[in-house]
Amino acid sequence: MSAGRLIAVVGPSGVGKDSVMAGIAAAAPALVPVRRVITRAGDAGGEVFDAVTEDQFADMVRQGAFCLHWGAHGLCYGIPAQVLADVQGGVTRMANLSRGVLEQAAVLFPAMTVLHITASPQVLAQRLSGRGRESAEQVAARLARSVQPLPQGLEVITLRNDGALTDTVAQALSALQPERA
Ligand SMILES: Nc1ncnc2c1ncn2[C@@H]1O[C@H](COP(=O)(O)OP(=O)(O)O)[C@@H](O)[C@H]1O
Ligand SMILES: O=P(O)(O)OC[C@H]1O[C@H](OP(=O)(O)OP(=O)(O)O)[C@H](O)[C@@H]1O
C-alpha cells in the first residue's frame, strides 16, 4: 500500500491557498481539498466548508471530532479526525492549515509536505479587497497578522503566487507529483 501523506497548504490571507488547492484538485482529482469545519457564516462564499456555531464547534472538540483545530481571524477551524485515519490508511489528503499548527500537524502526520504559498504585501492587499469576503476591518487585520517563521525540519515547497494562478498550480503539481512532470 502506498504511504499516505498530508499536504498542508499554508500562507498569508489572500495569497491563494484555496485557489491553488482548487487548481491542484482539478488536475489531480484524488487531491480534493479537505472540507473544514469553520464557525464562519455558511453563505460567506469561497471554499466548501461545514459551517457551525461556536457552541457546536466546542462540542465537536470535546467529542474528538477533529485531528487538528485552531482559532484565527475570530473564527474556529477544525480538520475532521477522518483525515488522520485516511492518511494512516494510505490516502493522501490536502488541507488549508494555519502556519501555527504545523508543528502539531507534523507529529500527527509524520509524512507531511508543506506547500507554502507567498506573494507580495501589495498583491495580498489587492487580492483580499478583490475577494470581497471580508469587511475592510477584517482585511486590515489579516494584512497586519504576523506569524512565526515556519518550524524547522519540515518538508516545505515554497511557491510564489504573484503571477498567473495557472503557473502556480503547474509548479505545485510538478513539485508535489514529480512523477507526473
Ligand atoms: N494568481 C492569482 N492571480 C489573481 N488572482 C488570484 C490568484 N490567486 C488567487 N487569486 C484571487 O485572490 C483572492 C484570494 O484567493 P484565495 O484562494 O481565497 O486565498 P487564500 O485562501 O490564501 O486566502 C481570490 O479572490 C482569488 O480568486
Ligand atoms: O495562522 P495563519 O497561517 O495566518 O492562518 C490563519 C488562518 O487563515 C487561513 O484560513 P482561511 O483560509 O479561512 O483565511 P484566509 O482565506 O483569510 O487565508 C488558515 O487556514 C488559518 O485558519
Side-chain angles (χ1 to χ4, degrees), residues 6-27 31-52 54 57 60-61 66-80 83 93-106 108-109 112-151 154 156-173 175:
L6 179 71
I7 299 170
V9 183
V10 300
S13 290
V15 78
K17 296 181 295 296
D18 288 324
S19 303
V20 171
M21 286 195 295
I24 290 169
L31 289 179
V32 66
V34 166
R35 184 180 173 125
R36 306 192 293 178
V37 178
I38 309 174
T39 57
R40 181 194 289 144
D43 59 359
E47 73 182 273
V48 175
F49 68 99
D50 289 320
V52 297
E54 291 187 356
F57 193 92
M60 293 177 82
V61 170
F66 304 129
C67 59
L68 284 170
H69 65 89
W70 63 90
H73 307 324
L75 300 169
C76 300
Y77 296 80
I79 302 295
V83 171
R93 300 302 308 273
M94 179 171 65
N96 176 341
L97 296 188
S98 162
R99 290 163 288 185
V101 299
L102 286 177
E103 270 188 291
Q104 193 183 341
L108 281 177
F109 298 94
M112 178 172 78
T113 300
V114 178
L115 183 59
H116 181 210
I117 307 176
T118 65
S120 69
Q122 294 77 11
V123 165
L124 297 178
Q126 288 162 5
R127 296 266 176 83
L128 283 174
S129 54
R131 179 168 77 180
R133 190 176 74 195
E134 286 82 21
S135 68
E137 292 76 16
Q138 289 169 329
V139 167
R142 277 164 165 71
L143 292 172
R145 181 177 174 84
S146 63
V147 294
Q148 296 299 316
L150 300 190
L154 302 180
V156 180
I157 298 166
T158 297
L159 293 177
R160 294 198 67 87
N161 186 36
D162 297 273
L165 178 60
T166 50
D167 291 348
T168 311
V169 171
Q171 290 162 25
L173 283 165

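We count ligands from 1, going down the list as the structure has it; atoms in each ligand are counted the same way.
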Quiz item: Do any N/O atoms on E134 end up under 3.5 angstrom from N/O atoms on ligand 2?
Solution: no
Exercise. Could you check whether the rings of H69 and F57 sit parallel, tilted or perpendicular, using 30° and 60° as the cut-offs?
Key: perpendicular
Quiz prompt | Side chain, backbone, both or neither: the part of N96 lying under 4.0 Å from ligand 2 by heavy atom | solution = both
Quiz item: Does ligand 2 have a heavy atom under 4.0 Å from the side chain of V15, from its backbone, from both, or from neither?
Solution: neither
Which N/O atoms of ligand 1 sit under 3.5 Å from a protein N/O, and at what distances?
from	atom 1	to	atom 2	distance (Å)
ligand 1	1 (N)	R127	NH2	3.4
ligand 1	1 (N)	N161	OD1	2.9
ligand 1	1 (N)	G163	O	2.8
ligand 1	1 (N)	L165	N	3.3
ligand 1	3 (N)	R127	NH2	3.4
ligand 1	5 (N)	R127	NE	3.3
ligand 1	8 (N)	N161	ND2	3.1
ligand 1	17 (O)	D18	N	3.3
ligand 1	17 (O)	S19	N	2.8
ligand 1	17 (O)	S19	OG	2.7
ligand 1	18 (O)	R131	NH1	2.9
ligand 1	19 (O)	G16	N	3.0
ligand 1	21 (O)	D18	N	3.0
ligand 1	21 (O)	D18	OD2	3.2
ligand 1	22 (O)	V15	N	3.4
ligand 1	22 (O)	G16	N	2.9
ligand 1	22 (O)	K17	N	2.7
ligand 1	22 (O)	K17	NZ	2.8
ligand 1	23 (O)	G14	N	2.9
ligand 1	23 (O)	R131	NH1	2.8

Quiz item: Does ligand 2 have any atom sitting under 4.0 Å from a heavy atom of V147?
Solution: yes
Which ligand 2 atoms are under 4.0 Å away from a heavy-atom of [X]?
X: W70; value: 20 (O), 21 (C), 22 (O)
X: R131; value: 15 (P), 16 (O), 17 (O)
X: A72; value: 6 (C), 7 (C)
X: R142; value: 17 (O)
X: R40; value: 11 (P), 13 (O)

Practice problem: Take V20 and V9 through the test side chain to side chain contact (heavy atoms under 4.5 Å, CB included) and record every step on the way to the result. | Solution: CA-CA 9 Å; V20 171; V9 183; 5.6 Å; no
Self-check item: Option of least heavy-atom distance to atom 14 (O) of ligand 2 (set: R99, H73, R127, R145)
Solution: H73
Quiz item: Given R36, K17, E47, R133, which has its nearest heavy atom closest to atom 16 (O) of ligand 2?
Solution: R133
Quiz item: Given S13, which of R127, R142, Q138, R133 fulfils the side-chain contact (heavy atoms from CB on, under 4.5 Å) condition?
Solution: R142
Quiz item: With no hydrogens and no angle check, is any side-chain donor or acceptor of T39 less than 3.5 Å from a backbone partner on E54?
Solution: no
Quiz prompt | Main-chain N/O of V123 paired to D162 side chain as donor or acceptor, under 3.5 Å | solution = no
Self-check item: Separation between CG of L115 and OG1 of T168, rounded to the nearest 0.5 Å
Solution: 9.5 Å
Practice problem: Could you pull out all residues at least two apart from R36 that satisfy side chain to side chain donor-acceptor pair (under 3.5 Å)? | Solution: E47, N96
